[in-house]
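Here is how names work: the chains are called A, B, and so on, in the same order as the sequence lines, proteins then strands, and each is numbered from 1. All values reported here derive from a predicted model rather than from experimental measurement.
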Amino acid sequence: MKIKERRRDGIAILDMSGKLMGGPDAEAFNEILRTLMHEGVRNFIVNLERVNWVNSTGLGILISGYTTVTRAGGELKLLNVTERIENVFIVSKLSTVFRSFDDEEEAVRSFA
Amino acid sequence: MKIKERRRDGIAILDMSGKLMGGPDAEAFNEILRTLMHEGVRNFIVNLERVNWVNSTGLGILISGYTTVTRAGGELKLLNVTERIENVFIVSKLSTVFRSFDDEEEAVRSFA
Amino acid sequence: MNSRIELKLPSQMAFLGVPDAVLLELGSDLDCPRQLIEELGTAVIEACTNAMEHGNKLDASLQVEIHIDVGADRIVVSVMDQGAGFDYRNWQPAEGLLRERGRGILIMREFSDQLDYDRLSDGRFRVTLAKNLTNSR
Amino acid sequence: MNSRIELKLPSQMAFLGVPDAVLLELGSDLDCPRQLIEELGTAVIEACTNAMEHGNKLDASLQVEIHIDVGADRIVVSVMDQGAGFDYRNWQPAEGLLRERGRGILIMREFSDQLDYDRLSDGRFRVTLAKNLTNSR
Ligand SMILES: Nc1ncnc2c1ncn2[C@@H]1O[C@H](COP(=O)(O)OP(=O)(O)O)[C@@H](O)[C@H]1O
Ligand SMILES: Nc1ncnc2c1ncn2[C@@H]1O[C@H](COP(=O)(O)OP(=O)(O)O)[C@@H](O)[C@H]1O
């Protein structure tokens, strides 16, 4: 998994790619969130467009991030969830937890 | 390997997809060429855009087709050879044998 | 006429994509919806995650072995590890929508048509997943 | 720190895409040009084609075994079949630009940095291909 960070209107957009799974990746993701929140960022968009697959420990990474951000009064939303990953969200009943968007503009506007 | 056949200006365009290799595929390709030549077609464009890879026996299929068509006074040209496949043509010194095009219009016009 | 493909991987999460790539490649030649292969792939990734983590304790010197039996209308995948196993009959799904773990077996169950655990005579622990290749769930 | 992935396939051409898919997947996590992995994949497809055809005589009940050793800057792949083998030292490239066969070993040589044949103590015939993961050919 690779993570690239961008900013738009004070929102941090994390472009993920590769395989979203636990292990070392979890640490990298938490580290980035922590650093950004330390800088005062509260709103996050996680772009899953280029993620091939997610496993249950990868879901754990997203949930942990979601919980951390929500507790701090921020929001973490998803962008470009592929059909394959969407199906995993559905069977794990997490599609009710995460707000997700297919359009970046719309995702950005949703924080306004 | 799958082969779909189309016609343009009396030229048969064969859209190949999958893996171009010997075995049963060779028979299918020869059969299509034979049938089309029986119908009077002499000019062929083999579109490799959606072929993942070719191995040496797959090259044999193309060479056999090339020889058959050339002997009958026709021409067999290639379209959309991917970089991966182009590299195989280069190391097998076959890039000098096959004329190949990146643009279908241009390939069609080349028969005029 | 089934065909069997066998695969052995070190117990490192970095290799979880390998069985998935093999299944997608096999699926590309089968006349079945890609979604079914993706679901099976996701279930197999879970099985291998558990085999590596809970079975082989992420000891990279221990292998996870995967057998893929491809039939005309069904793929059966078994994943073997060298660990102590667990009692699947008394397994209870974890609770809490926002829990961070405990979703692997649920995903395996949802994404396969049959899920069994047993122990081989050579002592290895095995999970077997079957997926029908027709869209009739 | 090398990692080994092992693969066994029935001797059927339909499965030639499997080792290639595994290499592409492994390559996707390596910091090396995709072209190098594609070249190695093509060479391995040739090795497996020969193992299935010349070695195992396309007997689907005989397996071709593939070992992939992934190192930081080199991948070594060996392919084993159960056939009689041949004498690589006295092998001569075939001739004729328009010949339909006899290009497999040439492609393997062009697309790998090292190519060796030997026989294992268990009687199997083995070809070993090595590819450096840096663009310095
Ligand atoms: N191959 C295995 N070997 C030993 N225990 C296992 C194995 N697979 C699953 N388990 C047990 O089942 C539990 C539930 O697994 P799972 O639903 O995948 O969630 P998680 O791995 O996040 O705990 C694991 O915590 C473990 O105790
Ligand atoms: N694994 C093998 N077992 C036995 N013979 C082999 C093997 N690999 C290659 N050969 C021999 O080497 C020859 C050349 O192989 P190759 O260059 O791949 O061309 P082709 O397979 O088209 O003949 C084969 O015809 C065969 O005689």
Side-chain angles (χ1 to χ4, degrees), chain C residues 1-32 34 37-38 40-42 44-45 48-49 51-52 56 58-72 75-82 124 133, chain D residues 1-32 34 37-38 40-42 44-45 48-49 51-52 56 58-72 75-82 124 133:
Chain C
M1 256 236 347
N2 282 26
S3 296
R4 167 170 289 189
I5 283 92
E6 297 182 21
L7 195 57
K8 286 185 195 167
L9 307 173
S11 297
Q12 288 176 275
M13 299 292 189
F15 298 116
L16 285 173
V18 172
D20 185 59
V22 171
L23 285 167
L24 288 174
E25 163 60 23
L26 294 170
S28 74
D29 282 336
L30 297 170
D31 190 23
C32 84
R34 187 178 163 97
I37 303 291
E38 288 179 348
L40 176 60
T42 301
V44 169
I45 289 168
C48 292
T49 304
M52 289 178 180
N56 291 344
L58 294 176
D59 177 345
S61 72
L62 297 181
Q63 287 179 319
V64 166
E65 184 166 341
I66 302 150
H67 292 179
I68 304 174
D69 288 298
V70 186
I75 298 183
V76 180
V77 180
S78 56
V79 177
M80 287 144 277
D81 67 55
Q82 299 173 50
R124 287 185 297 169
L133 300 180
Chain D
M1 256 235 349
N2 281 25
S3 295
R4 166 169 291 188
I5 282 93
E6 297 182 20
L7 195 57
K8 287 184 195 169
L9 307 172
S11 297
Q12 290 175 274
M13 300 291 189
F15 297 117
L16 285 173
V18 172
D20 186 60
V22 170
L23 285 167
L24 288 175
E25 163 60 23
L26 294 170
S28 74
D29 281 337
L30 296 171
D31 190 22
C32 84
R34 187 178 163 97
I37 302 291
E38 289 178 348
L40 177 59
T42 302
V44 169
I45 290 168
C48 292
T49 305
M52 289 179 181
N56 292 345
L58 295 175
D59 177 345
S61 72
L62 297 181
Q63 287 178 322
V64 166
E65 184 165 341
I66 301 150
H67 292 180
I68 303 174
D69 288 299
V70 186
I75 298 183
V76 179
V77 180
S78 57
V79 177
M80 287 144 276
D81 66 55
Q82 299 173 49
R124 287 185 298 169
L133 300 180

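Heavy-atom neighbours of chain D within the stretch residues 60-69 of chain C, taken at a separation under 4.5 angstrom, comprise C:Gln63.
The distance from the NZ atom of C:Lys8 to the CD1 atom of D:Ile5 is 13.0 Å, given to the nearest 0.5 Å. Within the model, atoms CG of D:Leu9 and CD of C:Glu6 stand 9.5 Å from one another, a figure rounded to the nearest 0.5 Å.
At a 4.5 Å heavy-atom cutoff, the contact between D:Leu7 and chain C is made by backbone and side-chain atoms alike.
Heavy-atom neighbours of D:Arg4 CZ from other residues, nucleotides or ligands within 6.0 Å: above the threshold of 12.
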Enumerate donor-acceptor pairs with a distance under 3.5 Å from any side-chain N or O in residues 15-22 of chain D to protein atoms, sequence neighbours excluded.
unit_1	atom_1	unit_2	atom_2	d
D:Asp20	OD1	B:Arg84	NH1	3.4
D:Asp20	OD1	B:Arg84	NH2	2.7
D:Asp20	OD2	B:Arg84	NH1	3.1

